[in-house]
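What follows is one structure encoded as structure tokens, with my remarks underneath.
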Amino acid sequence: MSDVKKTRLAIIGSGPAGYTAAIYAARALLHPILISGMQTGGQLTITTDVENYPGFADVIQGPWLMDQMRAQAAHVGTEFIDDVVVKADLDQRPFLLTLDGGGEIEAETVVIATGAQARWLGLPSEEAFKGFGVSACATCDGFFYRGKAVAVVGGGNTAVEEALFLTSFAAKVTLIHRRDALRCEKILEERLFANPKIEVIWDHEVCEVLGTTEPLGVTGVRLRHVQSGALQDLNLDGLFIAIGHAPSVALFEGQLPMTKSGYLRVTPGTTSTDIPGVYAAGDVTDDVYRQAVTAAGMGCMAALEAARFLAEQDHAHPHQSAKSATDQQTRG
């Protein structure tokens, strides 16, 4: 079909893993195509201060870092398609990706770097107030709560970072955690406890979001003690959910094995999935570290593994290799 783009490597996703894979693949002359997905740049585009990415002595901004990665990938020869993959047929090589816009991509290898999305509490009242006082992104919405009272739900790095960030705007920040100890890095814990604007409510969970319908907005939350079941109401202007992320794997259900946590399973020490020529990198397969720098490292690994795989295939099937090179030269 004339409208099918052909490539040696297709990368699904555009966070640190996807961009790094693209940089290494382009430098290996694989002429990669990167499909950006719903959130171009990934989760770092909704992160303001980044102070733990190597190479920057001063604090940098997440969106800026992603813009730089994209520019670097473009500079070395990556082709970008700002669309969403709605179907991935991995039954046989070349793999076929169908885009929401109607196009198709035929790829000899694929790097899956679709990342993860925020988890929600799953309460009907939470759903009712999403965007009207309930948010999963403090850096997106914190500005709207200047001088107000807000709460963050969670006890890991993300929750503590969100709480600390919100103190720049809110008059008071309450961290609600269902356990009696945090699961964040010690340096973040120290900053949290040292901030006079932050109060922690231990051993409680949110069982209902309270608010008004005219106008639509949050006025508080109902908390339940996890041991006794006792209820208490807390007055608030905004609620931020920071209880982790769910990997974006719906495209690959039934095609690729997953872990008990729902992440794509790879061979330990590699980014290789159970399908030869298909690789997974970043938060879609990493439920341990979930850092931008580790995602970038996995993107590098995936591109190098794909290049090695293709070199072996070219050596075994030289005639197919020559045809692939011709397709690449005439593509587009």
Side-chain angles (χ1 to χ4, degrees), residues 1-38 40-42 69-115 251-252 255-256 264 271-273 275-282 284 298-332:
M1 296 175 62
S2 59
D3 60 341
V4 176
K5 282 183 172 288
K6 296 184 178 182
T7 183
R8 304 223 74 188
L9 172 64
I11 300 164
I12 309 174
S14 58
Y19 284 150
T20 306
I23 292 166
Y24 276 80
R27 286 175 53 82
L29 304 182
L30 298 185
H31 305 286
I33 294 176
L34 186 149
I35 306 99
S36 299
M38 291 288 291
T40 301
M69 285 192 182
R70 183 181 176 108
Q72 185 177 5
H75 176 73
V76 292
T78 301
E79 178 181 349
F80 293 96
I81 297 179
D82 292 326
D83 205 335
V84 179
V85 177
V86 293
K87 183 180 179 182
D89 186 351
L90 306 179
D91 283 344
Q92 61 181 3
R93 293 183 60 243
F95 309 112
L96 187 64
L97 308 179
T98 303
L99 305 180
D100 185 53
E104 291 182 318
I105 297 173
E106 193 177 89
E108 295 179 52
T109 56
V110 171
V111 170
I112 301 167
T114 47
L251 273 175
F252 315 106
Q255 297 191 83
L256 290 171
L264 292 183
T271 62
S272 301
T273 70
I275 298 178
V278 177
Y279 308 90
V284 74
M298 293 180 73
C300 165
M301 292 168 59
L304 294 178
E305 289 177 43
R308 188 177 301 117
F309 172 83
L310 287 169
E312 293 171 353
Q313 293 294 306
D314 292 349
H315 180 73
H317 308 286
H319 296 298
Q320 290 184 18
S321 173
K323 182 178 184 302
S324 294
T326 300
D327 287 341
Q328 286 294 319
Q329 292 170 4
T330 59
R331 177 169 52 82

Closest non-hydrogen contact found for Phe80 with Ala74 is CE1-CB, 3.6 Å
Rounded to the nearest 0.5 Å, the CZ atom of Arg93 sits from the CD atom of Glu106 at a distance of 10.5 Å
Across all chains, not counting sequence neighbours, the side chain to side chain contact (heavy atoms under 4.5 Å, CB included) partners of Ala22 are Ile11, Leu34, Ala73, Thr78
Between the CZ atom in Arg308 and the CG atom in Leu304, the distance rounded to the nearest 0.5 Å is 6.5 Å
Closest non-hydrogen atoms of Cys300 and Thr20, given as atom of the first, atom of the second and distance, are N-CG2, 3.7 Å
Taking every heavy atom of Val111 against every heavy atom of Ala21, the minimum-distance pair comes out as CG1-CB, 4.2 Å
Applying side chain to side chain contact (heavy atoms under 4.5 Å, CB included) to Ala306 and not counting sequence neighbours gives Leu9, Thr109, Tyr279
Output for pair (Glu312 CD, His317 NE2), nearest 0.5 Å, gives 11.0 Å
**Flag side-chain contact, heavy atom, 4.5 Å: Ile112 against Leu251** = no
For Leu99, the side chain to side chain contact (heavy atoms under 4.5 Å, CB included) test, sequence neighbours excluded, returns Ile35, Ile81, Asp83, Val85, Ile105
The reported gap from CG in Leu310 to CG in Leu30 (rounded to nearest 0.5 angstrom) is 6.0 Å
In short, Ala303 meets Ala25 closest at the heavy-atom pair CB-N, 3.8 Å
- prompt: Would Phe252 and Val110 count as a side-chain contact (heavy atoms from CB on, under 4.5 Å) if you check the C-alpha gap in whole Å, the side-chain angles of each, and the deciding distance to 0.1 Å?
  reply: CA-CA 12 Å; Phe252 315 106; Val110 171; 5.9 Å; no
Across all chains, not counting sequence neighbours, the side chain to side chain donor-acceptor pair (under 3.5 Å) partners of Thr40 are none
Salt bridge (Lys or Arg N to Asp or Glu O under 4.0 Å) filter on Asp82, not counting sequence neighbours, yields Arg70
For Ala307 and Ala28, the nearest pair of non-hydrogen atoms, with its separation, is CB-CB, 4.3 Å
Practice task
State whether the side chain of Gln313 and the backbone N or O of Glu108 hold a donor-acceptor pair below 3.5 Å, judged by distance alone.
Solution key: no
Checklist entry - Can you check whether Gly37's main-chain N or O pairs, donor with acceptor, with Ser14's side chain at less than 3.5 Å? => result no
So OG1 of Thr271 and CE of Met298: to nearest 0.5 Å the spacing works out to 6.5 Å
Closest heavy-atom pair, Gln255 versus Ile275, reported as atoms and distance to 0.1 Å, is O-CD1, 3.7 Å
In this structure, NZ of Lys6 is separated from NE2 of His31 (nearest 0.5 Å) by 15.0 Å
